[in-house]
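Both backbone and side-chain heavy atoms feed into the values below; hydrogens, waters and symmetry mates do not. Every chain is numbered from 1, with letters handed out A, B, ... down the list of sequences.
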2 protein chains.
Amino acid sequence: MNTLSYGLLAMLTGGPRTGYELMQQIQPLWRAKHSQIYPLLAKLEQSGSVRFVPVAQKEKPDKKIYSITEQGLAELREWIPRTTSEPVKRDELLLKAYCVALTDPFTAKSLIQNRITLYQSKLEKYSQMLAELKNKLDGELSLTSPGFGNYILLQRAVSNSQAELEWCGWVSGLLPPSPSNQ
Amino acid sequence: MNTLSYGLLAMLTGGPRTGYELMQQIQPLWRAKHSQIYPLLAKLEQSGSVRFVPVAQKEKPDKKIYSITEQGLAELREWIPRTTSEPVKRDELLLKAYCVALTDPFTAKSLIQNRITLYQSKLEKYSQMLAELKNKLDGELSLTSPGFGNYILLQRAVSNSQAELEWCGWVSGLLPPSPSNQ
DNA sequence: CTGCGCATGTAATCGGTTACATGATTCT
DNA sequence: AGAATCATGTAACCGATTACATGCGCAG
């Protein structure tokens, strides 16, 4: 069983979800497309780690609501203490940043500006999610509370987005100002 | 030509390097193994984007020192302004963090502790590299100076490692204290 | 009326990892 | 004595992306 499979099981500890929802939820932690997730869910179902209930919908496609089984939970419990692999990061912008001296200040600025726009929307989204979770938890937070994992991950997503934006701002400041165009 | 190929060209703008050195240099920006890099360098050489000089060594394996050609530089210049793909991140620790409530506080702490150790060594390494570069540049830094790309990436690596450590510390504080064992 | 969100699935292809292969030196 | 570093390469495999396929409702 590969890491993404464990990841899907992990997401299901938060409650029953469809494949589509799992795909969306796992994105910030582990990039994966639906074409990879659906076949894995089918395998997990066949091996007894998850089960699903088909739900017919009018005016929308039918769906399958998956939940984790006792067997799946047991698999997660033995996976958690196992050696954790190092995070994988691949960022095209950083490759471009290394050789940014090859371009004009104009192109350099738009490169950074695009990244700023991207992380501003992420920051907005995650801040909102964090705020909602905070008032749902209402001060109650410990390792055993159900929203704990979600809480620490959202906090991380928010501060990461902020750090990303700070770096972009700092780099922008180093770039020569173009008065005619900004 | 894929992103990694452009990445290799980008690294070569910093001067001639062996495949082995390129592999090490590109790691923090784009994870790749030597088995992927060597064949790509061969292709880039055949298409005229890079060239190499074979260097025989005694007491060490022979090597090939690659440098970027004018054609390669032209390819980079037209790549930089093209749409930049979103960064790809896959972190097994975050998947485990989501369902950390399934384990005991003890396992949870060791999960975080391993990550702390990892990023402490990264922070040390990058801080040192940044310090060296800073006194080599000696106050001189602008878009056109040769170490510019390196400088902004090292600064980023340092502050990213710090942010990572801060998050780990914050999470540790939320975990129940185990007085008998710490 | 075009595109997006919901919702699932398969097939072809590309990108990336693991394993195999070699070999001297230096550190522990 | 065994592991790590330097240094290159190939082959097999697995993981991930892109493209193909369907279909309705709703917003711009």
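Evaluation of the salt bridge (charged side-chain N to carboxylate O under 4.0 Å, His left out) rule for E45(B) yields no partner, not counting sequence neighbours. Listed by chain and number, the residues in a ring-ring contact (aromatic ring centres under 6.0 Å, His included) with F148(B) amount to none (sequence neighbours excluded). The side-chain contact (heavy atoms from CB on, under 4.5 Å) test applied to S5(B) returns M1(B), N2(B), L40(B), L44(B), not counting sequence neighbours. For D62(A), the side-chain contact (heavy atoms from CB on, under 4.5 Å) partners are A56(A), not counting sequence neighbours. Y151(B) pairs by the ring-ring contact (aromatic ring centres under 6.0 Å, His included) definition with W170(A), not counting sequence neighbours. Looking at residues two or more places apart in sequence or on another chain, you find a side-chain contact (heavy atoms from CB on, under 4.5 Å) between K122(B) and E86(A), L118(B), Y119(B), Y126(B), S161(B).
Judged as a side-chain hydrogen bond (donor to acceptor under 3.5 Å, both in side chains), not a single pair has a partner in residues 26-40 of chain A (not counting sequence neighbours).
The distance between atom CD1 of I37(A) and atom C1' of dT8(C), rounded to the nearest whole Å, is 12 Å.
For W30(B), no side-chain nitrogen or oxygen approaches OP1 or OP2 of dG15(C) to under 4.0 Å. An OP1 or OP2 oxygen of dG15(D) is reached within less than 4.0 angstrom by no side-chain nitrogen or oxygen of R31(A).
Note on the helix from dC1(C)-dG28(D) to dT28(C)-dA1(D): terminal axis deviation equals 50°, with five pairs used at each end and the result rounded to 10°.
Between E164(A) and R156(B) there is a salt bridge, with a side-chain nitrogen of the basic residue lying less than 4.0 Å from a carboxylate oxygen of the acidic one.
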Which atom pairs link the protein and nucleotides 1-6 of chain C when you take only N or O atoms and keep those under 3.5 Å?
{"from": "dC6(C)", "atom 1": "OP2", "to": "Y20(A)", "atom 2": "OH", "distance (Å)": "3.2"}

Review item, nucleotides 26-28 of chain D N/O atoms under 3.5 Å of protein N/O:
none

Could I get a table of every N or O pair under 3.5 Å where one atom is in the protein and the other is in nucleotides 9-13 of chain D?
{"from": "dG9(D)", "atom 1": "OP1", "to": "K64(B)", "atom 2": "NZ", "distance (Å)": "2.2"}
{"from": "dG9(D)", "atom 1": "O6", "to": "H34(B)", "atom 2": "NE2", "distance (Å)": "2.9"}

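Nearest-nucleotide positions on DNA chain D place T18(B) closer to the 5' end than the other of R90(B) and T18(B).
Clustering of Ile, Leu, Val, Met, Phe, Trp and Tyr side chains at separations under 4.5 Å leaves V53(A) isolated, with no partner residue.
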